[in-house]
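A short write-up of the structure that comes next.
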Amino acid sequence: MLCSSFRSATASLGLGRRAVSTIAQKYSKAVYSAALSKSPQTLTKVQSELNAISNVIKEVPDLKAFVSNPTLSAKDRSAGLAVIYSRAEGSKKEPNGRLGETQGVIEGFNELVAKYKGELEVVVTSATPLPRDLSSRLETILKQSQTAQQAKSLKISNKVNPSVLGGIVVDFGDKSIDLSVSSRVNKLNNVLQ
């Protein structure tokens with residue numbers, strides 16, 4: 001049933017994922033262009049370093065709070081960055097007033113690299129981990145789509161979000177297919193109001 005709903009919903013694609021800010025896009029493009037102008041190997045190295053930074057930000061709650069705190073003064077940001085840099089590499093760097101854009105820059109950079117490599121990343125969000133048989137059927141359907149056939153490779157990952165309640169949300173490129181129970185409940189609530 002889920003797969004047939006997915007097939008019928010592919011015709012009604014819309015924007016899905018959180019849009020990266022304009023500032024983050026500019027920084028992403030600048031880093032991407034600078035790395036690629038050196039060599040494809042440099043691009044790969046920069047991507048792995050940025051992903052390592054992203055993972056540390058996600059895993060260390062204090063760092064995540066520091067990076068995403070928009071209320072820090074320039075002085076507080078500078079002092080905090082000095083501590084972070086001294087722990088990371090033993091030298092002081094200039095503070096960046098766009099620290100809150102870090103995750104967006106890394107996301108934008110990864111999207112540019114994936115496009116350069118011809119990769120299509122597909123994130124399937126479900127309330128619980130997808131069973132292997134459903135996951136493989138879904139992968140087969142996704143590989144038949146026009147968007148996937150234009151890509152050199154397809155990377156499918158399953159993200160678990162209990163707020164989906166049931167069903168799935170499929171995000172790929174700038175498109176999203178929302179077959180979740182929560183979206184259906186929201187639509188019904190809007191109709192009832």
Side-chain angles (χ1 to χ4, degrees), residues 1-21 24-25 28-29 31-32 36 40 43-59 61 64 68 102-192:
M1 181 175 128
L2 196 55
C3 289
S4 62
S5 296
F6 178 73
R7 276 192 192 106
S8 63
T10 55
S12 59
L13 298 176
L15 293 178
R17 294 186 306 178
R18 177 184 68 84
V20 174
S21 76
Q25 284 177 345
S28 297
K29 287 178 184 174
V31 173
Y32 169 79
L36 186 58
L43 184 69
T44 301
K45 182 180 178 190
V46 169
Q47 184 180 29
S48 67
E49 290 172 356
L50 285 176
N51 286 333
I53 291 168
S54 178
N55 289 336
V56 169
I57 290 171
K58 290 174 186 172
E59 293 169 4
K64 185 176 183 176
S68 61
T102 303
Q103 289 296 90
V105 170
I106 295 170
E107 287 173 20
F109 179 84
N110 284 332
E111 288 175 11
L112 290 169
V113 172
K115 187 175 182 181
Y116 168 76
K117 292 180 176 181
E119 297 172 348
L120 177 62
E121 182 178 358
V122 179
V123 178
V124 179
T125 306
S126 56
T128 58
L130 291 175
R132 188 177 303 268
D133 64 327
L134 181 59
S135 183
S136 63
R137 285 190 305 181
L138 192 58
E139 185 175 345
T140 302
I141 293 168
L142 287 169
K143 285 182 178 179
Q144 294 171 1
S145 73
Q146 282 184 335
T147 305
Q149 289 177 359
Q150 292 171 355
K152 290 181 185 175
S153 66
L154 194 63
K155 274 178 36 180
I156 300 174
S157 61
N158 183 207
K159 181 175 144 187
V160 176
N161 182 352
S163 69
V164 171
L165 301 177
I168 59 173
V169 178
V170 181
D171 293 309
F172 55 101
D174 62 349
K175 297 172 178 77
S176 181
I177 301 171
D178 189 344
L179 302 171
S180 67
V181 172
S182 64
S183 70
R184 292 178 189 167
V185 169
N186 288 338
K187 287 176 186 174
L188 285 172
N189 283 335
N190 288 338
V191 168
L192 292 174

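- Rounding to the nearest 0.5 Å gives a distance of 7.5 Å between CD of Gln149 and CD of Gln144.
- When all heavy atoms of Ser163 and Ser182 are compared, the closest pair comes out as O-CB, 3.3 Å.
- Residues Phe109 and Leu43 are in side-chain contact: their nearest non-hydrogen atoms beyond the backbone lie under 4.5 Å apart.
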>> The test is side chain to side chain contact (heavy atoms under 4.5 Å, CB included); show your working for Lys187 and Val191 and say whether it passes.
In response: CA-CA 6 Å; Lys187 287 176 186 174; Val191 168; 5.6 Å; no
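- Surrounding CD of Gln146 are at most 12 heavy atoms belonging to other residues, nucleotides or ligands under 6.0 Å away.
- Atom-to-atom distance recorded for Ser28:OG and Leu50:CG is 9.0 Å, nearest 0.5 angstrom.
- The shortest heavy-atom contact between Ala24 and Gly104 is CB-C, 3.6 Å.
- Residue pairs meeting the side chain to side chain donor-acceptor pair (under 3.5 Å) criterion with at least one partner in residues 123-135, sequence neighbours excluded, are Ser126-Asn158.
- Here CG of Asn189 is found 14.5 Å from CZ of Arg184. Values are rounded to the nearest 0.5 Å.
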> Step by step, would you call Ser176 with Val169 a side chain to side chain contact (heavy atoms under 4.5 Å, CB included)?
Replying inline: CA-CA 7 Å; Ser176 181; Val169 178; 3.8 Å; yes
>> side chain to side chain contact (heavy atoms under 4.5 Å, CB included), that's the test. Do Phe172 and Ile177 meet it? Break it down for me.
In response: CA-CA 9 Å; Phe172 55 101; Ile177 301 171; 4.0 Å; yes
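- Salt-bridge formation is not detected for the pair Glu111/Lys115: no Lys NZ or Arg NE/NH1/NH2 atom is positioned less than 4.0 Å from an Asp or Glu carboxylate oxygen.
- Here the closest heavy-atom approach between residue Leu120 and residue Ala151 is recorded as CB-CB, 3.7 Å.
- Lys64 has its side chain out of reach of Gln103: every pair of non-hydrogen atoms, C-beta onward, lies at least 4.5 Å apart.
- The CD atom of Glu49 lies 13.5 Å from the OG atom of Ser54; values are rounded to the nearest 0.5 Å.
- Checking side-chain atoms of Ser145 against main-chain N and O of Ile141 turns up no donor-acceptor pair under 3.5 Å.
- A 4.5 Å side-chain heavy-atom check between Glu107 and Asn110 finds every atom pair outside the cut-off.
- Ile57 contributes atom CD1, which lies 5.0 Å from atom CD1 of Ile106 (distance to the nearest 0.5 angstrom).
- Here the closest non-hydrogen pair linking Pro129 and Val160 is N-CG2, 3.7 Å.
- A 4.5 Å side-chain heavy-atom check between Thr44 and Lys117 finds at least one atom pair inside the cut-off.
- Looking only at side-chain heavy atoms (C-beta outward), Leu36 and Leu112 stay at 4.5 Å or farther from each other.
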> So Leu138 and Ile156, side chain to side chain contact (heavy atoms under 4.5 Å, CB included) or not? Walk me through it.
Replying inline: CA-CA 10 Å; Leu138 192 58; Ile156 300 174; over 6 Å; no
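- Between Ala148 and Leu142, the closest heavy-atom pair is CB-O, 3.1 Å.
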